[in-house]
There are 2 protein chains.
Amino acid sequence: MEKTSRDPAMTDVARLAGVSHQTVSRVLNNHPNVREQTRLRVQAAIKELDYRPNRAARALVTGKTQLIGVVAQNSTLYGPASLLSAFEEAAGQAGFAVSVGRVKVLDRGSIAAAVERHRDQRVAGIVVIAPTSSAADALADVPAGVPLVTVDGDPDRPTPLVTVDQARGAFEATMHLLKAGHETVWHVSGPADWFDAAGRVEGWRQALDTASAEVPPVVAADWSAASGYRAGQMLARMPEVTAVFCSNDHLALGVLRAMSERGRSVPRDVSVVGFDDVPEAAYFIPPLTTVRPDFAAVARETLGLLLEQVSDGETTRPQRTIAPMLVSRESVAPPPK
Amino acid sequence: MEKTSRDPAMTDVARLAGVSHQTVSRVLNNHPNVREQTRLRVQAAIKELDYRPNRAARALVTGKTQLIGVVAQNSTLYGPASLLSAFEEAAGQAGFAVSVGRVKVLDRGSIAAAVERHRDQRVAGIVVIAPTSSAADALADVPAGVPLVTVDGDPDRPTPLVTVDQARGAFEATMHLLKAGHETVWHVSGPADWFDAAGRVEGWRQALDTASAEVPPVVAADWSAASGYRAGQMLARMPEVTAVFCSNDHLALGVLRAMSERGRSVPRDVSVVGFDDVPEAAYFIPPLTTVRPDFAAVARETLGLLLEQVSDGETTRPQRTIAPMLVSRESVAPPPK
DNA sequence: CGACCTGGTGTTATCGCTAACATCACCGGC
DNA sequence: GCCGGTGATGTTAGCGATAACACCAGGTCG
């Protein structure tokens, strides 16, 4: 009767290498005081047994896990999804596992519950993707002492925060259009309760102010192509509209379509700029000039900020913004004569 | 000098309730042999101390974690992203945390590495979202003994697998078009190395066979709207094309646009059906008739199959397919006279 | 009415690791 | 040539839970 023998433990490695288990532990944790020869023997034994340290045992004695909890909305929007994916990659490379707690709606109760689930797991730290004010409000409920970083959250709160510099991206996009010769730039905005959308409105307005251009009314939409299309139908009817900055690429797609349907050629008659640089943006007709946020950088900074809190308990400068990049394609041209 | 006292442990609860720590353990694990009165005392103590069991300690002694590892491609495609999100929710409700290992490309090496990372974490089981043959191949490297379920993988392999019944969805979509009176149905297909795409081609062909309709050549594309648009440009030029089944909604979007550009009205001149029911599909112009996979059901089945393996070691019937649902909107009509 | 079960509880060993201390050989300096 | 320092290693004691067994009271049964 062969019982499947249990996974090898540190003592098994120690026995094979002819040392004590403590020496194995020292090799594993790169302690300096181990003779080179001994280290090699131990490493050979580890490889031979396909030994892997038991994280539970380590966590038990150190009191720390190698787990990071992320709270994110259960959505497939490009921005948040990319962010999450980038963060998982960054954390993975740093040797941390990521446990994702999805939330249907970003309200206090749901977020608090997700945070509790993570605390139950004794995560080392928590990241909350909190792009709306209701989500940011919910963070007030998180007990102090838990390392916490907010991504895409409210820039006006003192909590540790990493965010794309929405205003700067919008500023550059708008400036790009103004420099092409347009007298002013219209804006199709995302939902007002999203910080991303608010920041982009702000950057757009600043650019117009800087250039002393007239500030047209904001055209409000949500993030969808459908709402961009509706906004576009309106704008297409107004001959004075020659340049439009859209709060994301899907809105821009809707605008492109509306323009094309009314026979206004992009970029000959109207120039359009988006935000996000979704993978399809280069295949729109025409290929879309847009602003690309560096999600990988956001992820790296977030992780850095979190690990700083985990080890030091505190952070020196708890806010980071990541400058996005304008990607110039073919949807921008000088205005018609 | 106040040192922040450590989290309460089981013994603290036991002391407060006036019982042994073992009794606390029994209460926590719902053992039957505990007097009601004792149970209440213990529960009160747990609440008072805000005690939460230490998972590391439990994992150490039981040898099992409450963690499930998922390997998924680092993509933002609607299908895989939805699946992942649904699975995280299902697992969360069953008390499992989900650790996601993202992979850039679905090749043997990357998948093997991701699986190894999960094994290091001693996950209870692993789910691999393996929609292409290269991904399915990589599973050969996974050592036996690790509970493993494949989602969206190769239906022709014997590994435990849960998948949407692509062929059936495609069959119904095609039948829907034939019943509307179309003589035959054209198909714009996803990439050939995706099982999803292959299954949908098969279902489409079966439906045509069943109705003894002519089988036109498959129009090959990838999953993008851009490629759908190119396919659509071709189809729009052919007057005999009155019905098109697209392998996903984005392709359908491209086709819709191409048709509209060439003045062929949908659904009056041409009927179009998609697959996936992306959130925007109802806002396409016209609102798109499509096939909705039940991602939540896939997630539930996957979890069930995995937990069955975890507890029993084996599974009886290791393959499950989930029937999708046709969602009828406004992009289908009888063919023009 | 003593043997035996059984429900409720406590005691002890154990999981696999790290931290802290113990040990021991070897070194240089006065 | 004895002393303290230092580098390499071993020994021991937990971390916080579960499992296995021990124990004890009270009821059942022959």
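Order of the sequence lines fixes the chain letters, A, B, ..., with proteins taken first and strands second; residue numbering starts at 1 for each chain.
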Counting heavy atoms from C-beta on, name the nucleotide in dG7(D), dG10(C), dG10(D) closest to the side chain of Val19(A).
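Between dG7(D), dG10(C), dG10(D), the one nearest the side chain of Val19(A) would be dG10(D).
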Select one nucleotide: of dT18(C), dG16(D), dT9(D), the one nearest the side-chain heavy atoms of Val34(A).
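Comparing dT18(C), dG16(D), dT9(D) against the side chain of Val34(A), the answer is dT9(D).
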Hey, does [X] reach any base, or is it just sugar-phosphate, or nothing, if we go heavy atoms under 4.0 Å?
X: Asn54(B); result: sugar-phosphate
X: Arg26(B); result: base
X: Ser20(A); result: base

Side-chain contact test, heavy atoms from C-beta onward, threshold under 4.5 Å: evaluate it for Arg26(A) versus Asn33(A) and give yes or no.
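The answer is no, as the side chains (C-beta and beyond) never meet within the 4.5 Å cut-off.
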Over how many whole Å does the gap from [X] atom [atom1] to [N] atom [atom2] extend?
X: Met10(A); N: dA19(C); atom1: CE; atom2: C1'; answer: 13 Å
X: Asn33(A); N: dC21(C); atom1: CG; atom2: P; answer: 16 Å
X: Leu28(B); N: dA19(D); atom1: CG; atom2: P; answer: 12 Å
X: Asn30(A); N: dT18(C); atom1: CG; atom2: C1'; answer: 15 Å
X: Gln66(B); N: dA17(D); atom1: CD; atom2: P; answer: 15 Å
X: Arg55(A); N: dA17(D); atom1: CZ; atom2: P; answer: 21 Å
X: Lys64(A); N: dC15(D); atom1: NZ; atom2: C1'; answer: 14 Å
X: Asp7(B); N: dG16(D); atom1: CG; atom2: P; answer: 9 Å

Using the closest heavy atom to pick a nucleotide of DNA chain C for each, name whichever of Val24(A) or Gly18(B) lands nearer the 5' end.
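Counting from the 5' end, the first nearest nucleotide belongs to Gly18(B).
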With DNA chain C as reference, determine whether Pro32(B) or Gln22(A) sits nearer its 5' end, using the nearest nucleotide of each.
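Here Pro32(B) is the residue nearer the 5' end.
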For Val298(B), is there any backbone N or O sitting under 3.5 Å from a side-chain donor or acceptor partner on Thr302(B)?
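Yes, because the side chain of Thr302(B) sits within donor-acceptor range (under 3.5 Å) of the backbone of Val298(B).
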So does Arg157(A) get a backbone contact from the side chain of Gln319(A), meaning a donor-acceptor N/O pair under 3.5 Å?
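Checking the backbone N and O of Arg157(A) against the side chain of Gln319(A), a donor-acceptor pair under 3.5 Å is found.
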[N] phosphate, OP1 or OP2, under 4.0 Å from [X] side-chain N/O:
X: Arg35(A); N: dT9(D); result: yes
X: Ser25(B); N: dT18(D); result: yes
X: Thr38(B); N: dT9(C); result: yes
X: Thr62(A); N: dC17(C); result: no
X: Thr23(A); N: dA8(D); result: no
X: Arg58(A); N: dT18(C); result: yes
X: Asn29(B); N: dT18(D); result: yes

How long is the gap from [atom1] on [X] to [atom2] on [Y], to the nearest 0.5 Å?
X: Thr65(B); Y: Leu60(B); atom1: OG1; atom2: CG; result: 12.0 Å
X: Glu88(A); Y: Ile68(A); atom1: CD; atom2: CD1; result: 11.0 Å
X: Phe195(B); Y: Asp154(B); atom1: CZ; atom2: CG; result: 4.0 Å

Does the base of dT18(C) carry an N or O that pairs as donor and acceptor with the side chain of His21(A) under 3.5 Å?
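By the distance-only test, yes, there is a pair.
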